[in-house]
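Residue numbers start from 1 in every chain, and the chains themselves are labelled A, B, ... in the order their sequence lines are given, proteins ahead of strands.
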Amino acid sequence: MTQFAKIIVDVPTMQTDQPYTYSIPELLTHQIEIGMRVVVPFGNGKRLVQGFVIEIIDNNQFDGDVKAIQSVVDLKPVVNTELLDLSAWIANETFSFRITALQMVLPSVMRATYKKRIQLIDEIDESLQDKLFQGNDSIEFDSEHMDAELMKELLQLTKAGKAELIYEVGNKAKFKMQLSIQPELGFEAYEDIKNGLRKNAKQQHLLVNYLQSLTENENNLIPQKQVVKEIGITTATITSGEKNGWLKKIETEVYRDPYKDTVIESTGMQKLTPDQDIAVTAVDEAIKNEINKTFLLQGVTGSGKTEVYLQTIAKALELGKTALMLVPEIALTPQMVKRVKSRFGDLVAVLHSGLSDGERYDEWRRIERKEAQVVVGARSAVFAPLDNIGIIIVDEEHESSYKQEETPRYHARDIVLWRSQRHHCPVILGSATPSLESRARAQKGVYEWLQLPQRINGQPMPEVTLVDMREEMKNTGESNFSEPLRNEITKRLEKKEQTVLMLNRRGFSSFVMCRDCGFVLPCPNCDTSLTLHMDTHTMKCHYCGHEEGIPKICPNCHSRKIRYYGTGTQKVEEELKTLYPEARILRMDVDTTRKKGAHEKILAKFGAKEADILLGTQMIAKGLDFPDVTLVGVLNADTALSLPDFRSSERTFQLLTQVSGRAGRADKEGQVVVQTFNPDHYAIQYAKHHDYESFYRKEMAIRHMENYPPYYYTIQLTASYTDEAGAAKKMLEAVQFLKPALSDKAIILGPTPKSIMRVNNRFYYQVVIKYKSEEQLKERLRELMTKSQAEVRKGLRLTIDSEPVNFI
DNA sequence: AGCACGCCGACT
DNA sequence: GTCGGCGTGCTC
């Protein structure tokens, strides 16, 4: 009996965002399973696309002609039922397409590649064939790069029936294979062969001896490369050995191991403090009883959260379960990875953005084949194809990088909670400064609250000194370094201790300004100014990537007095060098860490005490742990505070608390100097006193008053268009459309232009809706998307972001 | 997305 | 007259 399959096709549009029914050809009946990728004809002509099988049914519910599946891509399913369900849920929650959500849960190499080619099917004039096909009988048809004249002629040929258009669906994923050899005979047989060999056949002797020794081994599959190197014979000898039937050659898959060259010593469990012990016991209990429960593990820097994570992971493994641990990208340092690997060895798979597509795919396969049972990774690692998860950990749970800023705009924390329900396992959300959302849930008892209030070594938190830059400016003028900070740096240099200096990301760019007329070089495509990049000696736009030369004379008034301003890390570094000519300085920012591994190199250098001062952006706030750092300086604590985002206080508090924790972790006492223009701001004051609880209460009061999360949910709509009026009109229309479906408790903010209204010559307008419970909202938003399709074709872009992390 | 169909302007 | 512009509809 003919079976049918429901398939999500790889055509990411609203109109095609639904399962299509295809018949399963007889030949493929026993091959096709749910979760496999297939190639199907779609649309007019012979267009082929990839699709995912999401259901297999016995009777066709579609009244119309069904087409048959063309071919199967996979030997076994690549998406299990859990991830299939998860992707459907994500598509629904984030207003994205099912195909996009499906592709997101898989490594990017598994995405299909499409090619067209023109195949000659009839005899044509030889000179014409030379011209059009370069002597071949088919040619790739690439309408983007092809010569227009050539294309026209090829199409004419197709129309005349002399050639046809062929669609090809490719697959980028390749296993890296390696040739290995294996003995074919037993010990005795090799003995006989040896006796039969000529005396001077030295290489053959070596080979047979080697094969004979392998017969004793359990694992007798040895890479050919290794054999050649080890016993010094040629591959020719091995090949003739194969011909003689002494051995066989086998192709095996090898994994690209990015950590191949790092030697890792194994470490055991550490002794727990009483607080840690309470936490571990509570989580272990939940793992054992398969209780889907969320713990908020709130522990100050240095309180040993990581040890709690590692011991609960050990518990899960002990029970035959797997573990997933998420870490923010910037905290996923070699130190961090080493710590996990040293505990669990080869059971660990690591997924982070630094991996090549191939490496990422290999790690994914190790997980899928259950060779790796512990997964450590950044945001997208939440989709690791683990089975039977025992514990999920989200470290630094407050980090905004857990939210994906492109569609599907998911938050890893939400995915984690979904998966924990599916696997009946507990979740640990860990942080020194939990997000208000999570902390409030702990308050309400939705999460179980675990605390680690003490540092492991019983050390006090470092002393934080605030420097009022308004006062300082009067004395020191334009310097980035206040007198108190300079004095402290001098002291460290004398005592041969290390200093870390942090420059807040926002407002840290250098721009070019004319001293005579005040002209600032703007980006031609965006409403921003270009920033100076000394490494490439160009002016760049951070939003659209536009790049141009550094002007020598002012384009506006032709003055020669055009200089660069602002506090880029490079400029600060220069000032540091003049202040402390003898100090060894390392700079860490986007420019110096662009190359792969550069980040690690800088940290390793600093760790080896090859520098006195480490200067960097926020990337230095996370995960670095150097015992000789006794001074942490924050050059501009409050640049984020002035931003029109309700989370700016929270971010400032979190950042300051986090960097403070970097000072004096071992036996030496640390000190923190924070330069600020708002020394009285509560975020800065509470950070100075390491007082999360007071900050939490104060901030909650403000959120309550202003109707922001966690008291309200938020949704942000953004429209962009090539003309400003179009974008504004669309958002106005959206408000008109949504309003009737909302209760009077919902609050609509906007439409307003985005703070950078024009990016890459598109204009952006937004609307934010704050609400507590709106039954119809999501459905209405979906309708809005559907009815806007016609405009999308004309260039409108409409995005819906549920619980956005950036409001500007 | 990508392709066909269909209806209007300026050319071999 | 026809080639080709892009607005519209459809894809199991």
Short N/O separations, protein against nucleotides 10-12 of chain C, under 3.5 angstrom:
{"residue": "C:dC10", "atom": "N4", "partner": "A:Arg793", "partner atom": "NH2", "Å": "2.9"}
{"residue": "C:dT11", "atom": "O3'", "partner": "A:Gly43", "partner atom": "N", "Å": "3.1"}
{"residue": "C:dC12", "atom": "OP1", "partner": "A:Tyr22", "partner atom": "OH", "Å": "3.4"}
{"residue": "C:dC12", "atom": "OP2", "partner": "A:Lys67", "partner atom": "NZ", "Å": "2.5"}
{"residue": "C:dC12", "atom": "O3'", "partner": "A:Thr21", "partner atom": "O", "Å": "2.8"}
{"residue": "C:dC12", "atom": "O3'", "partner": "A:Lys67", "partner atom": "N", "Å": "2.5"}
{"residue": "C:dC12", "atom": "O2", "partner": "A:Thr21", "partner atom": "N", "Å": "2.7"}
{"residue": "C:dC12", "atom": "O2", "partner": "A:Thr21", "partner atom": "OG1", "Å": "3.4"}

Pairs touching residues 724-733 of chain A that satisfy side chain to side chain donor-acceptor pair (under 3.5 Å), sequence neighbours left out:
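Sorted result for residues 724-733 of chain A: A:Glu724-A:Tyr765, A:Lys730-A:Glu733, A:Lys730-A:Ser788, A:Lys730-A:Glu791.
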
Which residue pairs pass the side chain to side chain donor-acceptor pair (under 3.5 Å) test with at least one member in residues 5-14 of chain A, sequence neighbours excluded?
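Pairs touching residues 5-14 of chain A that pass the test: A:Lys6-A:Gln61, A:Asp10-A:Gln103, A:Asp10-A:Tyr114, A:Thr13-A:Thr16.
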
Using 4.0 Å as the upper bound for N to carboxylate O, is an ion pair formed by [Y] and [X]?
X        : Y        : result
A:Glu803 : A:Lys403 : no
A:Arg98  : A:Asp17  : no
A:Glu437 : A:Arg647 : yes
A:Arg117 : A:Glu168 : yes

Which two nucleotides bound the region of DNA chain B that has atoms under 4.0 Å from heavy atoms of chain A, read 5' to 3'?
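The footprint of chain A covers B:dA1 to B:dA4.
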
So, using side-chain hydrogen bond (donor to acceptor under 3.5 Å, both in side chains) as the criterion, who are the partners of A:Ser743 when residues are at least two apart?
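Listed in chain order: A:Glu774.
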
Would you mind classifying the nucleic acid contact of A:Phe97 as base, sugar-phosphate or nothing, using non-hydrogen atoms under 4.0 angstrom?
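No contact at all - A:Phe97 keeps every heavy atom at 4.0 Å or more from the nucleic acid.
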
Within the structure shown, what part of the strands sits under 4.0 Å from A:Lys116 by heavy-atom distance: base, sugar-phosphate, or nothing?
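Sugar-phosphate only.
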
Expected list for residues 24-36 of chain A: side-chain donor-acceptor pairs under 3.5 angstrom, two or more places apart:
{"residue": "A:Thr29", "atom": "OG1", "partner": "A:Glu26", "partner atom": "O", "Å": "2.2"}

